[in-house]
Number of protein chains: 2
Amino acid sequence: MELSPTAYVILGMVSREPRSGYEIKALVDDSTRFFWAASYGQIYPELKRLSEAGLVEGVDEPRGERKRTVYAITPDGEQALKDWLRQPPTTYEMREEGLLKLFFAGVLPPEEAATILASMREHRREMVERLQAIEPKAKDNDDDPFPLMVLRGGIEFNQWFAEWCERMESQLLAQTSQEGSN
Amino acid sequence: MELSPTAYVILGMVSREPRSGYEIKALVDDSTRFFWAASYGQIYPELKRLSEAGLVEGVDEPRGERKRTVYAITPDGEQALKDWLRQPPTTYEMREEGLLKLFFAGVLPPEEAATILASMREHRREMVERLQAIEPKAKDNDDDPFPLMVLRGGIEFNQWFAEWCERMESQLLAQTSQEGSN
DNA sequence: ACAGGCATGTAAATAGTTACATGATTCG
DNA sequence: CGAATCATGTAACTATTTACATGCCTGT
């Protein structure tokens, strides 16, 4: 049985406790989003499919008059999740518009290349702050250290990236000012 | 005029000299692929669209009996490319199945989490080697330093990532051996 | 002769985003 | 009361991959 990558995000998110589609989305948005996003357009249809396949089970748990279905993982679902976790990862993708622009920066006058690096650096700094804001929440999950490990990895990555941009900026600056002095 | 992100990859790739669709694909494959990929299924239709929009111009340049069309950028195309380069980047995406698996690694017995990190580390090491193999080619492009800058950034990133995996592996190992001694 | 690279393209499928519609509840 | 949040869902669109089809040319 072939499952989409998003299916595993969902299985993972309901593996500890049952959750509604809305809760899954909210969870994804302040955790895996940074390396694996999911939208409502994927989550709700996928929950239906997983439910039909018997990997999750939906139970109506309305809050007052507002209807609500929470999904719990089934034994089959847990097996599917574990099987997947044991396969070596195959998807390693990055889509960095900034790097793409930097790659082609030779068609611009030299000063403007530094501008590209500056926006990249600023974006990475903002990411560091955003992720650091999430850290306290991740800390009080004492029985599962992995979300925090991944979050801290994300922080370090963004810091590394911001510093790389900075280094490249000064490198460019040094070059252009040198040429200017000739 | 709204262009797809792939359109700009193509514009950038033909901005220095005219190239065929096949050459563009080959170029992408050993340069921008690592942060911005493109397949034939995108390149050929996009070349047609760009040609209709007057941003590139196709000229037949057969090699013997084998027909071949090379596309050159037009003044309008160059303007479009520069306009785009001057906009701050908006797409920053990552899809890292390894991090996703690590995030959910709590459902596995502790030793197996280290396995995930090990495959991630190995993948990053391979990437470093692959990128280092490209470096000599990138070096002899003397008039445009940016492709080399981006390539080296990619190498550093993969090295950083591999080292992070290593650190996390030993951290896990220390934890599990400690628990074992209790 | 045959493998491998050059060269162009399309069809089908999968993935994913965006925007919208609907309606309840909670808090200030 | 009004805004924000909870909650579910779909339609339309955009993007992208994979696999295939076709055929020429070059080197062994």
Side-chain angles (χ1 to χ4, degrees), chain A residues 1-10 13-14 18-30 32-52 56 58-71 90-97 100, chain B residues 1-10 13-14 18-30 32-52 56 58-71 90-97 100:
Chain A
M1 180 175 15
E2 273 301 294
L3 294 182
S4 72
T6 310
Y8 292 107
V9 182
I10 293 176
M13 287 301 181
V14 301
R19 299 186 199 275
S20 68
Y22 186 83
E23 285 170 317
I24 293 170
K25 167 74 164 124
L27 262 174
V28 165
D29 275 354
D30 79 352
T32 67
R33 167 173 56 127
F34 306 105
F35 50 90
W36 210 287
S39 59
Y40 288 127
Q42 292 169 274
I43 291 171
Y44 285 109
E46 194 62 57
L47 277 171
K48 198 176 271 179
R49 275 193 293 275
L50 287 171
S51 184
E52 280 159 14
V56 299
V59 178
D60 282 358
E61 262 186 36
R63 300 256 225 242
E65 276 313 285
R66 184 161 55 195
K67 67 176 177 181
R68 178 165 169 274
T69 311
V70 294
Y71 294 85
T90 54
T91 302
Y92 305 90
E93 275 167 38
M94 222 186 180
R95 292 184 93 69
E96 264 286 321
E97 207 185 341
L100 188 61
Chain B
M1 182 172 18
E2 271 301 293
L3 294 181
S4 73
T6 310
Y8 293 106
V9 182
I10 293 176
M13 287 300 181
V14 302
R19 301 187 198 274
S20 68
Y22 187 81
E23 286 170 317
I24 292 169
K25 166 76 165 128
L27 262 174
V28 165
D29 275 353
D30 79 352
T32 67
R33 167 172 57 124
F34 305 105
F35 49 91
W36 209 286
S39 60
Y40 287 128
Q42 292 170 273
I43 291 171
Y44 285 109
E46 194 62 58
L47 276 170
K48 198 177 270 179
R49 274 194 292 276
L50 286 172
S51 183
E52 279 159 15
V56 300
V59 178
D60 283 357
E61 262 187 34
R63 300 256 225 241
E65 275 313 285
R66 186 164 51 199
K67 69 176 177 180
R68 179 166 168 271
T69 311
V70 294
Y71 294 84
T90 55
T91 302
Y92 305 89
E93 275 168 39
M94 224 186 175
R95 290 185 94 70
E96 265 285 320
E97 207 185 341
L100 188 60

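Order of the sequence lines fixes the chain letters, A, B, ..., with proteins taken first and strands second; residue numbering starts at 1 for each chain.
One finds the CG atom of A:Asp30 at 11.0 Å from the NZ atom of A:Lys25 (value rounded to the nearest 0.5 Å).
Remark: the backbone N or O of A:Tyr22 is paired with a side-chain donor or acceptor of A:Tyr44 at under 3.5 angstrom. Side-chain atoms of A:Arg68 do not come within 3.5 Å of backbone N or O of A:Ser20 as any donor-acceptor pair.
If you measure from atom CD1 of A:Ile24 to atom C1' of D:dG9, you get 14 Å, rounded to the nearest angstrom. Taking atom CD on B:Glu93 and atom P on C:dG16, their separation rounds to 10 Å, with Å as the unit. In this structure, the CG atom of B:Leu100 is 15 Å from the C1' atom of C:dA15, given to the nearest Å. At whole-Å resolution of the value, OH in A:Tyr40 and P in D:dT5 are 12 Å apart. One can place CD of A:Glu46 at 16 Å from C1' of C:dT17, the figure rounded to the nearest angstrom. In this entry the distance linking NZ of A:Lys25 with P of D:dT5 reads 14 Å, nearest Å. In this entry the distance linking CD1 of B:Ile10 with P of D:dA15 reads 12 Å, nearest Å. Look at CD on A:Glu61: it is 11 Å from P on D:dT8, rounded to the nearest Å.
Between B:Tyr22 and C:dT8, a side-chain N or O to OP1/OP2 separation shorter than 4.0 Å is absent. In terms of phosphate contacts, B:Ser39 brings a side-chain nitrogen or oxygen within less than 4.0 Å of OP1 or OP2 of D:dT17. A close approach under 4.0 Å does not occur between any side-chain nitrogen or oxygen of A:Arg63 and OP1 or OP2 of C:dA24. Contact check, B:Thr6 against D:dT16: a side-chain N or O comes under 4.0 Å of OP1 or OP2. Within the 4.0 Å cut-off from OP1 or OP2 of C:dC6, not a single side-chain nitrogen or oxygen of B:Arg66 is found. For B:Ser20, a side-chain nitrogen or oxygen approaches OP1 or OP2 of C:dT8 to under 4.0 Å. Checking the phosphate oxygens (OP1, OP2) of D:dT17, a side-chain nitrogen or oxygen of B:Gln42 falls inside 4.0 Å. For D:dT8, one of the phosphate oxygens OP1 or OP2 lies less than 4.0 angstrom from a side-chain nitrogen or oxygen of A:Tyr44.
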Subject >> Test log, rule side chain to side chain donor-acceptor pair (under 3.5 Å), inputs A:Thr6 and A:Glu46 >> reply: CA-CA 8 Å; A:Thr6 310; A:Glu46 194 62 57; 5.6 Å; no
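Residue B:Arg19 is classed as having no contact, given no heavy-atom separation below 4.0 Å to the nucleic acid. Residue A:Lys48 is in sugar-phosphate contact alone, with no base atom involved, counting any heavy-atom pair closer than 4.0 Å across all strands shown.
Residue order along DNA chain C, read from the 5' end via each residue's closest nucleotide, puts A:Pro5 first among A:Pro5 and A:Gly64. Looking at which nucleotide of DNA chain C each of B:Thr69 and B:Arg95 is closest to, the 5′-most match is held by B:Thr69.
Residues B:Thr69 and B:Leu47 have side chains not in contact (no heavy-atom distance under 4.5 Å, counting atoms from C-beta outward).
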